[in-house]
Every structure is written in C-alpha cells, then in structure tokens.
**Student:** 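My questions all concern the structure below.
In what follows, every heavy atom counts, from backbone to side chain, and hydrogens, waters and symmetry copies are set aside. Computed from a prediction, not measured in an experiment: that's the story for all the values here.
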Amino acid sequence: MTDDSIHTTRTGTLLAEDVILALFDPASGTIAGENTLFYVLGGAALADLAGQGRATSEDAGFRGVLVRGIGDAPDDQLLRPAWDYIAEKPRGIQGAIAGVGPALRSPLLDRLVANGDIARTERRALGIFPTTVLAEGDSGRRASIIAAMRAVLVDGAEPSPRIASIIALVSASGGLPTLYREIPWTGAVATRAKEIERGDWAGAAAAAAVTRTMLAVITNALVISAVTTNR
C-alpha cells in the first residue's frame with residue numbers, strides 16, 4: 001500500500017491523529033511514550049499548522065528558534081488553540097510545544113474512537129475499579145499508516161510529506177523501536193528515520209519544503225525534551 005492511500009482514506013485528518021495511531025500498540029492496548037506524549041502531539045499540531053501555511057519559524061539568535069502563527073485561523077477546533085497560542089506572539093519552539101500539547105490527547109482520542117480508528121470500552125477491574133480498555137478499530141487506518149512507514153524505512157520508498165512527518169515525529173519521540181514487530185528495528189531503519197528527522201527526503205513542492213524546515217525544528221526540540229525528561 002502506498003502512502004498516497006493515507007491521504008484519500010479520509011479528508012481533514014490531523015497529523016497528531018496519525019501519530020497516536022502509529023504509537024498505539026494493539027497487542028497491549030497502550031500508546032507508547034505516554035509520559036512524553038504531549039510533547040509529540042504538540043509538535044504534530046505545529047507541523048500541521050506549518051503544512052497549512054499557518055505557522056512559520058525563524059532563528060532569533062540567542063533567543064533560539066521562534067514559531068509564530070500566520071494567516072487565518074484553522075477551521076479544525078483541535079488546532080485552533082495551538083494557532084491562537086503562537087499567533088498571540090512568537091514563542092520559543094520548546095515552549096510552544098509544551099504550551100499546546102497537554103490539552104490534545106483526550107480530544108484526539110475521542111475523535112479516533114468516533115471515526116472507528118480505535119475502539120474504547122469501559123470495564124471494571126476486579127469487578128470494582130473502573131478502567132478503560134483500548135483496541136484497534138475496524139477502519140484499517142492504523143494498518144495503512146504502518147504499511148506506508150515500513151515501505152519508506154524498510155523498502156526504501158520515498159515518503160510523501162505526510163508520511164515523512166509521521167516518521168520524523170515518532171522517531172524523535174523515541175517510539176519507533178516499539179514498532180519492531182511490524183517495522184524491524186535495524187541500524188538501517190534507525191539511520192533512515194534520523195535522515196527524515198533532519199529533512200533528508202525528496203519533495204520539490206513548496207509545501208514539502210516548508211514541512212521539512214518546520215519538522216527539523218520540531219524534531220530537534222523533541223529530542224532535546226526527551227533527553228531532558230529521561231535524565
């Protein structure tokens with residue numbers, strides 16, 4: 001399956017939705033890297049805004065890299081708070097990610113459940129304690145995302161901007177090795193993932209160039225955040 005099918009399955013899907021699906025493990029019903037997931041989702045939201053021409057970044061010298069909102073506000077209500085935050089004033093990239101990410105997990109998961117991408121049931125552990133159980137939905141969307149990622153990382157296919165973004169964010173989060181059952185974790189896979197993080201992938205369109213630039217900024221911030229968190 002080519003990554004073009006990711007685009008045609010459903011319109012208006014957010015990058016952060018696809019990142020959650022990629023990090024979701026159907027075998028255990030868990031999402032990899034829950035303790036730092038908000039960083040990844042914040043980065044995905046900023047990448048979505050950049051891809052839509054609603055965010056840009058600039059090197060502010062000693063102030064580091066700043067991101068700011070441009071253009072009109074997005075229609076998607078899950079992206080609107082992120083755009084409002086960086087449109088108010090330029091924000092440092094790590095501050096922007098930390099500022100927009102924490103509120104995203106719950107509504108994104110609700111949307112994935114509503115669309116049939118993830119199934120959610122409520123049970124009682126030991127017959128007493130309420131607990132939520134997640135499972136893969138019947139939409140087939142996660143399988144198509146993983147297949148497209150594998151085609152790039154294992155088979156050498158050139159990624160679309162969308163798949164490159166998913167790979168870069170999952171890789172920068174440190175979550176790629178958790179997919180080893182579906183995408184073998186080898187030196188070649190690790191190397192290609194890091195190349196994509198740095199923006200080393202084809203794409204001549206202006207939108208692809210914007211995506212590469214913003215992704216490189218975001219993934220670098222995610223890597224720094226992950227290292228800091230894990231100390």
**Student:** Might you point out which heavy atoms bring Glu197 and Thr219 nearest each other, and give the distance in Å?
**Tutor:** O-OG1, 3.2 Å
**Student:** Could you check if a side-chain atom of Val19 sits within less than 4.5 angstrom of a side-chain atom of Leu108, using non-hydrogen atoms only?
**Tutor:** no
**Student:** Looking only at heavy atoms, what is the nearest atom pair of Leu15 and Ala47, with distance?
**Tutor:** CD2-CB, 3.7 Å
**Student:** Test Gln52 against Asp76 for side chain to side chain contact (heavy atoms under 4.5 Å, CB included), laying out the working first.
**Tutor:** CA-CA 11 Å; Gln52 296 175 12; Asp76 194 300; over 6 Å; no
**Student:** If Ile, Leu, Val, Met, Phe, Trp and Tyr residues are connected whenever their side-chain heavy atoms lie under 4.5 Å apart, and connections chain through other members, are Trp185 and Ile145 in the same group?
**Tutor:** yes
**Student:** Find out if a path of hydrophobic residues (ILVMFWY) with successive side-chain heavy-atom gaps under 4.5 Å connects Ile166 to Trp201.
**Tutor:** yes
**Student:** Keeping the roles fixed (side chain from Arg150, backbone from Glu182), state whether a donor-acceptor pair exists under 3.5 Å.
**Tutor:** yes
**Student:** Heavy atoms only: give me the nearest Ala16-Leu41 pair and the separation to one decimal.
**Tutor:** O-CD2, 3.9 Å
**Student:** Sub-3.5 Å donor-acceptor pair from the side chain of Ser173 to the main-chain atoms of Val170, do we have one?
**Tutor:** yes
**Student:** Could you walk me through whether Leu46 and Arg91 pass the side chain to side chain contact (heavy atoms under 4.5 Å, CB included) check?
**Tutor:** CA-CA 12 Å; Leu46 295 179; Arg91 309 277 185 175; over 6 Å; no
**Student:** Around atom CG of Asp75, are there more than 12 heavy atoms of other residues, nucleotides or ligands at under 6.0 Å?
**Tutor:** no
**Student:** Kindly give the heavy-atom pair with the smallest separation between Arg192 and Pro159, and that separation in Å.
**Tutor:** NH2-CD, 4.1 Å
**Student:** Find out whether Glu17 and Asp48 are in side-chain contact, i.e. whether some heavy atom of one side chain is under 4.5 Å from a heavy atom of the other.
**Tutor:** no
**Student:** Side chain of Asn115, backbone of Asp117: donor and acceptor closer than 3.5 Å?
**Tutor:** no
**Student:** Do Pro184 and Val154 have side-chain heavy atoms sitting under 4.5 Å apart?
**Tutor:** yes
**Student:** Return yes if some donor-acceptor pair links the side-chain N/O of Asp25 with the main-chain N/O of Ala27 below 3.5 Å, else return no.
**Tutor:** yes
**Student:** Show the nearest heavy-atom pair for residues Ile218 and Gly43, with the distance to one decimal.
**Tutor:** CD1-O, 3.3 Å
**Student:** Report the residue from Thr178, Leu21, Leu23, Val40 that forms a side chain to side chain contact (heavy atoms under 4.5 Å, CB included) with Ile31.
**Tutor:** Leu23
**Student:** Under the rule for side chain to side chain donor-acceptor pair (under 3.5 Å), what residues qualify as partners of Ser106, not counting sequence neighbours?
**Tutor:** none
**Student:** Is it true that Arg141 and Asp18 make a salt bridge, defined as a side-chain N closer than 4.0 Å to a carboxylate O?
**Tutor:** yes
**Student:** Say whether Leu78 and Phe38 are linked into one hydrophobic cluster, either directly or through other cluster members, by side-chain heavy-atom distances under 4.5 angstrom.
**Tutor:** yes
**Student:** Test Val65 against Asn220 for side chain to side chain contact (heavy atoms under 4.5 Å, CB included), laying out the working first.
**Tutor:** CA-CA 11 Å; Val65 176; Asn220 182 63; over 6 Å; no
**Student:** State, yes or no, whether a side-chain contact exists between Arg54 and Leu79 at a heavy-atom distance under 4.5 Å.
**Tutor:** no
**Student:** Looking at side-chain heavy atoms only, is the closest gap between Ile146 and Met149 below 4.5 Å?
**Tutor:** yes
**Student:** Are Met214 and Val67 packed together at the side-chain level, in the sense that at least one heavy-atom pair is separated by less than 4.5 angstrom?
**Tutor:** yes
**Student:** Are Arg80 and Asp84 side-chain neighbours, meaning at least one heavy-atom pair lies under 4.5 Å?
**Tutor:** yes
**Student:** So, the side chain of Trp83 versus the backbone of Ile70: is there a donor-acceptor pair under 3.5 Å, distance only?
**Tutor:** yes
**Student:** Under a 4.0 Å N-O cut-off, is there an ion pair linking Arg120 with Asp110?
**Tutor:** yes
**Student:** Between Ala45 and Leu104, what is the shortest heavy-atom contact and its length?
**Tutor:** CB-CD1, 4.0 Å
**Student:** So do Ile196 and Ser171 actually touch side chain to side chain, heavy atoms under 4.5 Å?
**Tutor:** no
**Student:** Atom CD1 in Ile163, atom CG in Leu153: separation rounded to 0.5 Å?
**Tutor:** 10.0 Å
**Student:** Given 3.5 Å as the limit, does a donor-acceptor pair link the side chain of Thr36 with the main chain of Tyr39, or not?
**Tutor:** no
**Student:** Is Arg142 close enough and on-axis enough to Phe24, meaning under 6.0 Å and within 45°, for cation-pi?
**Tutor:** no
**Student:** Between atom OG of Ser57 and atom CG of Leu215, what is the distance when rounded to the nearest 0.5 Å?
**Tutor:** 10.5 Å
